[in-house]
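The analysis underlying the following values was restricted to heavy atoms, covering all of them including side chains, and did not include hydrogens, waters or symmetry mates. Just so it is clear: chains get the letters A, B, ... in the order the sequence lines come, proteins before strands, and each one is counted from 1.
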There are 2 protein chains.
Amino acid sequence: MFEDTKAVAFALDGTVYRGSKLIDGIDEVIRHCRKLGKSVFFLTNNSSETRSQIFHKLRNMGIDCTFREVLTSGYAAALYAHRERLTNIYVCGSKNLVSECEKLSVHSVEPEEAENMLIGLDPEFDYEKLAIASNVALKVDKVIACNKERSYPGEEDCLMPGCGGMVSSVEWCSGRMVDLTIGKPNTFMLKEVSEQLGLAPEEILVVGDNYDTDIVMAGKFGSPAIIISSHVYGDAVSVENVGELLNLIGEPAKPE
Amino acid sequence: MFEDTKAVAFALDGTVYRGSKLIDGIDEVIRHCRKLGKSVFFLTNNSSETRSQIFHKLRNMGIDCTFREVLTSGYAAALYAHRERLTNIYVCGSKNLVSECEKLSVHSVEPEEAENMLIGLDPEFDYEKLAIASNVALKVDKVIACNKERSYPGEEDCLMPGCGGMVSSVEWCSGRMVDLTIGKPNTFMLKEVSEQLGLAPEEILVVGDNYDTDIVMAGKFGSPAIIISSHVYGDAVSVENVGELLNLIGEPAKPE
């Protein structure tokens, strides 16, 4: 069904792993894709860890991948800021997001000097940071959110607040909406994959578990998609578990 | 114009004081109301300080008032919970809100035991508290917000996040909206004044500086209102400064 696709972009949290646990069978699916000669990418809205941390996490879980194949919304936001030459950015996010920005020479300035702001997930977010960000939001040119995810799954079925929890409170307190959300469902990361590989949108298959981010992004970009979900979505190919992906993604590779 | 009103309900932040500074002339207006035989009340959406703290703050600023005349959204929420006999309430708010609840025998339980939740302004709000509140929101019967104020004025023209900053992030992360907002513009506090004094809505004059909370509340309850603002609102009597209130509120008291 997706034999003609030349690359597969996997979501991470909920698709490849959940917390610190690899999802059963996904490593085989990824190896299968590579055997079929497809490129593999990993796109995550995680903005509180660096690309490098996520790359190492995947390797430690036994997923064969390269640093270049991992894209995060934090890296994407830093890349956007770098390319658009946004000046004097106040980074409201984790230390990792600040360091991700630094790598692209996007230096975080003090709130007083801010002309633009970037908001990412911050496990150390608190009232004082909310106050600072709300005041910065009122005076800057552009406010960019890494993403607006509501939550991600934590230990013992608890939900952990996503970047959207930070964004919504800053928006509410300042009365100013963010200008741009760079993570999924924005197509920025997918476009990056397409440009790196010189592939057309229809040649990249998106595999994810979140309709509102993964599948909507694929739809906006014109890419085919598979959602791993027990719920059936009218306009998406849906599988209940990872095992079913093997046959869908392409003719099984010949045994070696 | 408001000669027939028998009580005046003043908003606090922005009307009576701003931060730690009394607003010029408001003490004279309050004395004037009392001389005219009108009852005086103070209704605030502040939910991070107790009634007692605000009462003492007013007295220290030279405002003659009694404890009974001060109503806060935190006290009102505790009163609501007490009257509705809500059980096992998790209080997501300041220590002062917890203590305000205790005074009405509304004891804050641990998140695991929660059947209802109360959200108030908390200067110590952080990621962990957001995570707890979001998970509690998903399982309880009722979620009550003290108010949804965006911000209040802080030092040096900075805005300080209001209770709505907390509420919006919990709503966004959990996907569950609060069931009830007890502070202004809800009429709960104004109804309390009306019942305590046995007065009809039209006999209580609301004086405030915030259209969306003070004036909307008055409108919903059927009470007359004056807004102190340089902006003119179609359906509200508007004065630019506190001095103009003297003539509006009633025939000047005879000199003693």
So do Trp172(A) and Val167(B) actually touch side chain to side chain, heavy atoms under 4.5 Å?
no
I'd like to know which of Gly175(A), Gly165(A), Ser151(A) tops the heavy-atom pair count under 4.5 Å against chain B.
Gly165(A)
Calculate, to the nearest 0.5 Å, the distance between atoms CD and CD belonging to Glu124(A) and Glu128(B) respectively.
12.0 Å
Within 6.0 angstrom of Lys57(A) NZ, more than 12 heavy atoms from elsewhere
yes
On a heavy-atom basis, which atom in Leu159(B) and which in Ser134(A) lie closest, and how many Å separate them?
CD1-CB, 3.7 Å
Between Arg150(A) and Glu171(B), which heavy-atom pair has the shortest distance, and what is it?
NH1-O, 4.0 Å
With a 4.5 angstrom heavy-atom cut-off, which part of Lys129(A) approaches chain B: side chain, backbone, both or neither?
neither
Heavy-atom distances under 4.5 Å only: say whether Ile132(A) touches chain B with side chain, backbone, both or neither.
neither
Considering only heavy atoms, which portion of Glu149(B) lies under 4.5 Å from any heavy atom of chain A: side chain, backbone, both, or neither?
backbone
Inspect the surroundings of NZ in Lys220(B) and state if more than 12 heavy atoms from other residues, nucleotides or ligands are less than 6.0 Å away.
yes
Inspect the surroundings of NZ in Lys95(B) and state if more than 12 heavy atoms from other residues, nucleotides or ligands are less than 6.0 Å away.
no
Has Tyr127(B) got a side-chain atom pairing as donor or acceptor with Pro161(A)'s backbone, closer than 3.5 angstrom?
yes
Residue pairs involving residues 181-190 of chain B (criterion side-chain hydrogen bond (donor to acceptor under 3.5 Å, both in side chains); sequence neighbours excluded):
Lys184(B)-Asp214(B)
Using every non-hydrogen atom in the two residues, find where Ser169(A) and Ser169(B) come nearest and quote the distance to one decimal.
CB-CB, 4.0 Å
Neighbourhood of chain B inside residues 12-21 of chain A, taking heavy atoms under 4.5 Å as contact:
none
When heavy-atom pairs shorter than 4.5 Å are enumerated against chain A, which of Cys173(B), Gly164(B), Ala131(B) gives the highest number?
Cys173(B)
Pairs of heavy atoms under 4.5 Å with chain B: top-ranked of Asp126(A), Asn135(A), Leu130(A)
Asn135(A)
